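Throughout, a chain's letter reflects where its sequence line sits, starting with A, and its residues are numbered from 1. All of these numbers come straight from a predicted model, not from anything done at the bench.
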Protein chains: 2
Amino acid sequence: MTYSEENYLKVIYHLSTGNSKGITTNAIANEMESKPSSVTDMVKKLAEKELVAYKKYQGVSLTEKGRQHAVMIVRKHRLWEVFLVEKLDFSWDEVHDVAEQLEHIKSEKLIDKLDEFLDFPTEDPHGDPIPDRNGKIAKMEKQLLSETSLNTKVICVGVKDSSSSFLQYLDKQQIALGSAIEIISREHFDQSLSLKVNDKPLSVSNKIAANLFVKPL
Amino acid sequence: MTYSEENYLKVIYHLSTGNSKGITTNAIANEMESKPSSVTDMVKKLAEKELVAYKKYQGVSLTEKGRQHAVMIVRKHRLWEVFLVEKLDFSWDEVHDVAEQLEHIKSEKLIDKLDEFLDFPTEDPHGDPIPDRNGKIAKMEKQLLSETSLNTKVICVGVKDSSSSFLQYLDKQQIALGSAIEIISREHFDQSLSLKVNDKPLSVSNKIAANLFVKPL
DNA sequence: CTATATTTTTAGACAAAACTAAAAATGTTT
DNA sequence: AAACATTTTTAGTTTTGTCTAAAAATATAG
Ligand SMILES: [Mn+2]
Ligand SMILES: [Mn+2]
Ligand SMILES: [Mn+2]
Ligand SMILES: [Mn+2]
């Protein structure tokens, strides 16, 4: 499996979660920052290898074999992110690009030993679940802060957007995984929220709240 | 710089040590397990980028720029080997192939943090020196066991051949970096040696002795 | 239901990195 | 120095992954 094939599989996998229909050529091209014609070519190759199911004009979906492969790439990506943060003192906004490279290293022993070295973490630095060596993903109870009712006490457990700019905003506001959040009030006009984060008052826009995962305490 | 370009640079670098003349096309092809015609093509490209000096039929040599690049790849390779052995419990005969992949990961921060995490090691698991972040290589006093005189007490500090089969042979004979070796006698006929390794008697062929680096105690 | 817009696929081109086969240069013998 | 052997380069293909431009299929609107 080539570097490029792996990237396509991963993108198709991510587009598939919460999307039961076939993934469109355009959606893949968009995510890969490439052109639809390139996607069509690659999808044909992946179909040839039985990693995806593909019918012309009907979009594409992962086969079980393709899903397994994709999950293993996600496992590697997230384990490496944990390594970078926990062992090498990277901050959570610096790890993604390096993990994009490390996820392609081929060695089952390496990844299982790394898993053990990190003490079998179940979530990466952004709160995303880490598949185990059999590809099983423990699902975590979580909801968006924007969809949480008033006067609830919750704990921050993940981010939906893990762009540098969002993560750095959270750092600045001292919001991290594990922070205790209480929703004081919601502004009707723009859905912005008044919060208490670790007992300190903070007001955030709906866009922020719609990218923070929390769970009831 | 592509994966392939990096591999060529590294091979040319290794062929260059202890070889002041231009490196031949055939030597590179041999080391890369590719064909001379492929080497000619790549060498032209590297010359274009001023990473090597090349004149038709005259062989090739690294420019200072090319040498710097090559040394950084070697640095990464050896640091990752240390990581695999020290932190993930790989044995010294298992690390090379994985390090061949890891050496191409591009992130200066990653490699400097890894260096720090490993406590700035100066040698890899095979006794080879690790260039520092400026490309400087501390040179170690060492000689081949086969060229060491009788009744000398020495300590094992490295291997010349780091193939799996040689390393596993050493494991079996309980020879490791740091082992104390005394040369008892040398057989005239085949240059084989009678040794004491950590006070236990052992007889080794010249081929073994010619691949073990030692330093006088 | 037909016209228009959008999406997707095809056809053809290109760059990177490899190869084979043949030509050219260099090295070695007699 | 000529003949032969070896090394190196050139010329022409191939595979992988990308692209543009044009054609075909599908979706949307009037
Ligand atoms: Mn990531
Ligand atoms: Mn992540
Ligand atoms: Mn190695
Ligand atoms: Mn080594």
Could you tell me whether [X] and [Y] have a side-chain N and a carboxylate O separated by less than 4.0 Å?
X	Y	result
B:E6	B:K106	yes
B:R75	B:D112	yes
A:K109	B:D89	no

Pick base, sugar-phosphate or nothing for [X], based on heavy-atom distances below 4.0 Å to the nucleic acid.
X	value
B:Y3	nothing
A:S4	sugar-phosphate
A:Y54	sugar-phosphate
A:T25	sugar-phosphate

**Asked** Do B:H126 and B:E81 meet the criterion of a side-chain donor-acceptor pair at a distance under 3.5 Å?
**Response**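 Indeed, the side chains of B:H126 and B:E81 share at least one donor-acceptor pair under 3.5 Å.
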**Message:** Checking side-chain polar atoms at under 3.5 Å, does A:D161 have a donor or acceptor matched by the opposite partner on A:S163?
**Reply:**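 There is such a pair (donor and acceptor under 3.5 Å, judged by atom type) between the side chains of A:D161 and A:S163.
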**Prompt:** Counting side-chain heavy atoms from C-beta on, which of C:dT8, C:dT10, D:dT9 comes nearest to A:S37?
**Reply:**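 For A:S37, the side-chain atoms sit closest to C:dT10.
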Measuring to OP1 and OP2 of [N], would you say a side-chain N or O of [X] lies under 4.0 angstrom away?
X	N	answer
B:K35	C:dA21	no
A:N26	C:dT8	yes
B:Y57	C:dA23	no

For [X] and [N], what is the distance between atoms [atom1] and [atom2] respectively, to the nearest whole Å?
X	N	atom1	atom2	result
A:K55	D:dA25	NZ	C1'	16 Å
A:N30	C:dT8	CG	P	11 Å
A:E5	D:dT18	CD	P	10 Å
B:M42	D:dT10	CE	P	16 Å
A:K44	C:dT8	NZ	C1'	10 Å

**Residue whose nearest DNA chain D nucleotide is more 5′ - A:S38 or A:K56** =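 Looking at DNA chain D, the more 5' nearest nucleotide goes with A:S38.
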